[in-house]
Amino acid sequence: MSSSDLVELAKRRGYFFQSAGAYGGVSGFYTYGPQGATLKDNIEDSWRDRFQRREGHREIDAPTVMPEPVFEASGHLDTFDDMLVECPECGASHRADHLVEDNTDIEEAESISIPDIEDLIADHDLQCPSCGAALGGEPVEEFNLMFETNIGPGSSSPGYLRPETAQGIFVEFPQLAEYARNQLPFGITQIGKAYRNEISPRKSIVRVREFTQAELEHFIDPTEDEPDIDRVADVELPLYPAEKQEEEDGTEYVHKTVQEAVDEGLVHEWVAYYLGVGKQWYESIGVDMDRFRFRQHLSGELAHYAADCWDAEAEVGAARSAAEDSSGDEPRDGGDWIEITGYAYRSDYDLSKHDEYSDDDFTVFKQYDEPKVVERATVDPDMSYLGPEFGGAAGDIADALEELAERDRAAFEDDEITVEVDGEEYTLPAEKTGFSVEEQKETGEHVMPHVVEPSIGIDRVIYTVLDHAYETDEVEDETRSYLALEPGVAPTFVGVFPLVSKDGMDDRAREIADDLRAEGLDVTYDDSGSIGRRYRRQDEVGTPFCVTVDDETAETVTLRERDSTEQVRVPIDDLPEVLADLREGEVTFAELDAPKAEQ
RNA sequence: GCGCCGGUAGUCCAGUCGGUCAGGACGCCAGCCUUCCACGCUGGAGGCCCCGGUUCGAGUCCGGGUCGGCGCACCA
């Protein structure tokens with residue numbers, strides 16, 4: 001369906017709409033309506049079940065605001081802080097630091113101050129890459145993609161709204177590792193809002209300034225932990241490797257099972273494992289596998305933290321006729337491919353950075369099976385000598401001695417030892433160094449875990465699920481449009497109607513609706529207009545089943561399925577169980593052992 | 001942020017040259033009627049994106065803003 005059709009339906013039927021419309025709306029912010037919020041809940045619950053509960057991981061809930069040092073360590077402060085210069089002639093915006101790097105010998109221009117960058121542009125007579133106009137004298141503007149705020153009164157403690165939920169997990173790693181009893185591997189999930197002050201929000205809820213991420217950070221020991229590939233070995237992956245994308249006509253997908261992808265070295269084993277988990281999940285919530293692929297990041301596209309990355313992508317807005325072509329091997333025209341998940345092998349990037357920048361230890365101590373005995377050269381400098389002799393340099397000299405002992409124990413065979421500190425040479429008698437070679441028992445080592453991260457954009461998944469669910473067909477010579485949402489995620493699960501509002505049928509229907517609600521189902525009651533109109537209404541919001549009371553005294557009701565519009569008769573007493581089974585996927589409508597209803 | 005195009009009930013649209021042109025359809029609400037697939041009857045509520053300007057008079061013309069679509073840039 002076209003994007004405008006989807007946006008229109010979403011607004012009309014309460015899925016999502018632009019926020020604060022009464023005040024003219026604000027770009028990049030959306031509100032999920034009564035249907036959409038429930039659909040979102042259902043998809044999030046399903047994600048928890050697949051990526052968390054069934055994998056044995058645990059969820060945390062960290063703040064959305066974090067202090068500045070967190071983002072200094074994570075690298076977001078630098079990489080988010082773009083310097084833009086605008087061409088006075090053609091209006092194009094360019095990264096000022098990139099211009100300088102490309103046209104001078106300067107590297108790392110990102111760390112240069114704005115006035116200096118402006119001077120460099122003027123001094124080198126840099127020109128607009130688009131039209132060639134001179135850029136000297138044009139102001140360089142700073143654009144930070146993180147929302148900034150102040151923590152507490154005053155501006156002495158800047159904070160930022162998190163641009164990804166992941167950092168909330170990484171910064172708490174020491175405490176989380178303690179919870180996990182310092183045993184690798186373990187996984188922590190988080191689902192919540194993240195914020196990016198996008199320059200240009202686009203395409204409805206696909207690119208917004210506030211969005212929901214569902215992330216798993218799986219911490220592993222890179223030297224010995226392996227995924228349990230068997231769990232997903234046979235899952236078929238539609239892969240779109242980097243090399244295929246770079247080909248002239250790079251449209252061929254490679255279909256491999258998880259096992260094959262790992263065996264052939266095409267995908268990192270941990271990433272491949274989660275591609276398998278992910279594919280099962282997308283399929284279960286109604287993403288059309290004919291409009292789905294895993295695309296490998298091109299080397300220049302990799303994030304600052306990623307060692308390898310595959311995106312799950314879905315094609316949305318594709319024409320109906322194309323969707324019905326089930327060959328599946330060729331990408332189709334007409335739709336846009338959007339990223340719905342990033343599967344990144346983040347190595348130890350994040351933990352190393354936080355280990356370096358913070359006061360805490362972001363490693364895990366791994367005990368050896370057998371303690372190792374190692375011979376180690378150590379020093380124990382006589383500080384009562386070094387202090388009076390060398391004054392303030394004494395501490396640095398002691399450190400230098402320790403470093404020298406590890407590097408070159410032969411140096412201690414002389415009577416006098418010389419070390420260099422800040423360009424100065426210091427010489428002292430060997431006996432004052434306390435040098436010795438000892439046998440030490442090592443019981444283990446500190447390991448910096450690596451991180452495997454499936455990072456799901458919930459809003460984009462919702463958009464995809466709605467886009468792929470939209471169907472039209474012919475019923476009684478009339479065109480009908482409906483959302484073929486999976487029963488497991490549909491926000492309204494069953495509509496309950498009286499065939500006509502008289503003879504007590506409406507009261508009976510209300511009772512049934514109440515009973516089904518008591519069973520935990522999402523139920524809507526409707527007695528307005530004609531029965532056909534009510535069916536169509538529910539079809540369009542994607543309600544998979546409708547129950548109609550057609551005789552107050554009868555002990556059965558009709559149960560209608562949305563996609564086929566077929567009906568069966570079901571005893572009222574059995575309804576809760578039948579519907580619960582349908583919702584859980586224990587049985588399909590076609591498999592129900594029930595007589596067809598006459599219409 | 002730049003360029004092009006656009007903004008009229010909940011939704012989709014009509015609205016001429018500036019002058020009873022604010023209209024249609026669907027949807028919604030109320031009543032009636034109705035025994036299985038949105039188009040039975042009657043009645044009703046609801047709108048010119050915002051601010052300013054031109055004019056005797058602005059939905060209509062102009063400027064700015066805002067929101068949206070597309071393209072460029074950006075998307076760590």
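Sequence lines set the chain letters: A, B, ... in the order given, protein chains first and strands last, and positions in each chain run from 1.
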Taking only nitrogen or oxygen atoms into account, show me every contact under 3.5 Å that the protein makes with nucleotides 7-11 of chain B, one pair per line with its distance.
| unit_1 | atom_1 | unit_2 | atom_2 | d |
| --- | --- | --- | --- | --- |
| B/U11 | OP1 | A/K11 | NZ | 2.6 |
| B/U11 | O2' | A/E8 | OE2 | 2.9 |

So, is A/R536 near the phosphate of B/C36, with a side-chain N or O under 4.0 Å from OP1 or OP2?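 Answer is no, no contact under 4.0 Å.
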Would you indicate what [X] reaches in the nucleic acid, counting non-hydrogen atoms under 4.0 angstrom: base, sugar-phosphate, or nothing?
| X | result |
| --- | --- |
| A/E540 | nothing |
| A/S204 | sugar-phosphate |
| A/T548 | base |

Would you please say whether a donor-acceptor pair under 3.5 Å links the side chains of A/T472 and A/S481?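 Note: A/T472 and A/S481 side chains miss the donor-acceptor criterion.
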Pairwise P distance, B/G7 and B/U60 [rounded to whole Å]: 11 Å
Who does B/G10 pair with, Watson-Crick or G-U, both distances under 3.5 Å?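 Check on B/G10: paired to B/C26, both distances under 3.5 Å.
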Does B/A45 have a Watson-Crick or wobble partner in any strand here, with both distances under 3.5 angstrom, and which is it?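 Because no pair has both required distances under 3.5 Å, B/A45 counts as unpaired.
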Looking at A/R209 and A/N197, would you say the former's side chain and the latter's main chain have a donor-acceptor pair under 3.5 Å? no
Identify, with sequence neighbours excluded, every residue that meets side-chain contact (heavy atoms from CB on, under 4.5 Å) alongside A/K502. A/V500
Spacing between A/D506 atom CG and B/U34 atom P, to the nearest angstrom: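 Roughly 15 Å, once rounded to whole Å.
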Separation of B/G27 C1' from A/R534 CZ (nearest whole Å):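 So the CZ-C1' distance, A/R534 to B/G27, works out to 17 Å.
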Applying side chain to side chain contact (heavy atoms under 4.5 Å, CB included) between A/F589 and each of A/E566, A/Q567, A/R560, report the one that passes.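 Among A/E566, A/Q567, A/R560, the one that satisfies the side chain to side chain contact (heavy atoms under 4.5 Å, CB included) with A/F589 is A/E566.
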Can you sort out which residues in residues 495-504 of chain A have a heavy atom within less than 4.0 Å of RNA chain B? Ascending by number, please.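 Close to the strand are A/L499, A/V500, A/S501, A/K502, A/D503.
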Please determine whether any donor N or O and acceptor N or O are separated by less than 3.5 Å between the side chain of A/E198 and the base of B/C75. no
With a 3.5 Å cut-off and heavy atoms only, can you find an N or O donor on one side and an acceptor on the other between the side chain of A/R533 and the base of B/C37? no
